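For reference, the structure is listed below as structure tokens.
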There are 2 protein chains.
Amino acid sequence: MQPLRRRQLIDATLASIDQHGLHNTTIVTISRLAGVSSGIISHYFGGKNGLLEASMRHLLKELGDTYKARLAKVSTDDAEGRVMAVLEANFDRVQTSPAACKTWLAFWAEAMHQPELARLQKVNAQRLLSNLRAALKQLLPAARAQLVAQGLAALIDGVWLRGALEGGIDTQQAKALCRDYLAQQLKYKDS
Amino acid sequence: MQPLRRRQLIDATLASIDQHGLHNTTIVTISRLAGVSSGIISHYFGGKNGLLEASMRHLLKELGDTYKARLAKVSTDDAEGRVMAVLEANFDRVQTSPAACKTWLAFWAEAMHQPELARLQKVNAQRLLSNLRAALKQLLPAARAQLVAQGLAALIDGVWLRGALEGGIDTQQAKALCRDYLAQQLKYKDS
DNA sequence: TCTTTTTAATTGAACGATCAATTAACAAAA
DNA sequence: TTTTGTTAATTGATCGTTCAATTAAAAAGA
């Protein structure tokens, strides 16, 4: 029963943030969406904050799982394929829904003054960067790989941010933008 | 006295968001930082919300003024210089301080469920894009200019977002990243 | 199999804290 | 004196948390 309820409450949390925004999300809006009483949140998560942290962990895990699934489909020496796996995962349908974008942005903002959320966010940002850099090192000089990895990471986050504010990401256009950046940068080899 | 107090309260608002985060910013934390009583906020801004809107307008105006100042220094037909003016303005010292980054991110998150803030944000995002596109059209085919403008806009926002979450932007590195993107894209003319 | 006991899950009302807004009173300037 | 600026206390609403009480489920005993 415990894992069922926890999942149910996390889903309700994401739904509430989508509908009302984080700052209008209360334990009442969450518990009402989950169809349970408000008291149960403290019972399973130790409080509202614990639930928010668990919800962010859930999103991060979902992103990580999607990336691993994409990565498993490309061979280890297919560097360009590994970069594309990062892009595909980040612009997966699940991650680019208006609800997901809103929630990510809300958590990012909250992380600025909530140490545990900041920690989670930092780990994720670092992993994104290091995944990109590792793959790019097979295609470019180390210093160049570092720069392009930072560029791609910023491009991904920027597209996401602008998408969140506009109410949705055009995933095709987003991927085209990143793929174009990568293609232009790989020409560097020849120059 | 009115313009003085308004400016004083807006500054205190930005300071409070920097120190406590938007969601822990109350009319008390603001008025204490400004050294006045809390009631004065309603007197000058009609309420907390009015003050938040005015603060966001203040930031937007500051950005716009910086851009205009930079733009005035380049000739109309210096397309690359006009693009650089956008970059210089966005990565100006005033806009890239930890406090400014935090505040921008907080307002972006808030704008998702506050129509007036969303409107202000949208106007700004559109202007950034159209400034870039107009300049790039002198250097690239229209369709290409549109794509590169979107790429640069996303890159700028992405660098900003990642900087906010890491506690500060390295402006030199940020500009180098964007300048590199632009340089790579301008090679397109020849291919 | 049928009670009895124990454990786990859940509720919802009550509580204290905190918020934005209001207001009546006060001070300073004109 | 009249207007403008400002304060400090108060109001009503809302928040997250807590907890005693209730229900459902499982285990144990007869």
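Throughout, a chain's letter reflects where its sequence line sits, starting with A, and its residues are numbered from 1. Here the structure is a predicted model, which is why all the values come from computation and not from measurement.
- Between the side chains of A/Ser31 and A/Ser37, not a single donor N or O lies within less than 3.5 Å of an accepting N or O.
- Listed nucleotides D/dG16, D/dT6, C/dG12 differ in distance to A/Thr26; the shortest reach to its side chain belongs to D/dG16.
- Across all strands shown, B/Tyr44 has heavy atoms under 4.0 Å from sugar-phosphate atoms exclusively, and none from any base.
- B/Lys73 has no carboxylate O lying under 4.0 Å from a charged side-chain N of B/Glu88, or vice versa, which leaves the two without a salt bridge.
- Counting to the nearest Å, the P atom of C/dT10 and the CD1 atom of A/Ile40 are 5 Å from each other.
- Looking at heavy-atom distances under 4.0 Å, A/Val36 makes contact with sugar-phosphate atoms alone, never a base.
- Note on the helix from C/dT1-D/dA30 to C/dA30-D/dT1: angle between the axes of the first and last five pairs equals 10°, rounded to 10 degrees.
- Distance A/Leu9 CG to C/dA9 C1': 13 Å, rounded to the nearest Å.
- Rounded to an integer number of Å, the gap from CG of B/Leu52 to C1' of C/dC19 is 14 Å.
- Interatomic distance, CG of B/Leu14 versus CH2 of B/Trp104, reported as 10.0 Å (0.5 Å rounding).
- In this structure a side-chain-to-backbone donor-acceptor pair under 3.5 Å is present from A/Arg6 to A/Tyr44.
- Side-chain N/O atoms of A/Arg5 include none lying less than 4.0 angstrom from OP1 or OP2 on C/dA9.
- Comment: A/Arg57 engages A/Glu116 in a salt bridge, judged by a side-chain N to carboxylate O separation of less than 4.0 angstrom.
- A/His43 has its NE2 atom 15 Å from the P atom of C/dT7, to the nearest Å.
- Computed from coordinates, the B/Asn24 CG to C/dT18 C1' distance equals 11 Å when rounded to whole Å.
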Expected rows: protein N/O vs nucleotides 17-25 of chain D N/O, under 3.5 Å:
unit_1: D/dT17; atom_1: OP2; unit_2: A/Lys48; atom_2: N; d: 2.8

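- Atom pair A/His23:NE2 and D/dC15:P shows a separation of 10 Å (rounding to whole Å applied).
- At whole-Å resolution of the value, CD1 in A/Ile30 and P in D/dC15 are 12 Å apart.
- Classification of A/Lys61 and A/Asp65 as a salt-bridged pair holds, one side-chain N sitting under 4.0 Å from a carboxylate O.
- Contact annotation for B/Thr25: backbone-only contact, meaning every heavy-atom pair under 4.0 Å involves sugar-phosphate atoms and none involves a base.
- A salt bridge links A/Asp11 and A/Arg7; the closest N-O separation between the charged side-chain nitrogens and carboxylate oxygens is under 4.0 Å.
- If you check the side chains of B/Asp78 and B/Gln138, you find no donor sitting under 3.5 Å from an acceptor.
- Between A/Asp180 and B/Arg144, at least one side-chain nitrogen of the basic residue sits less than 4.0 Å from a carboxylate oxygen of the acidic one, meeting the salt-bridge criterion.
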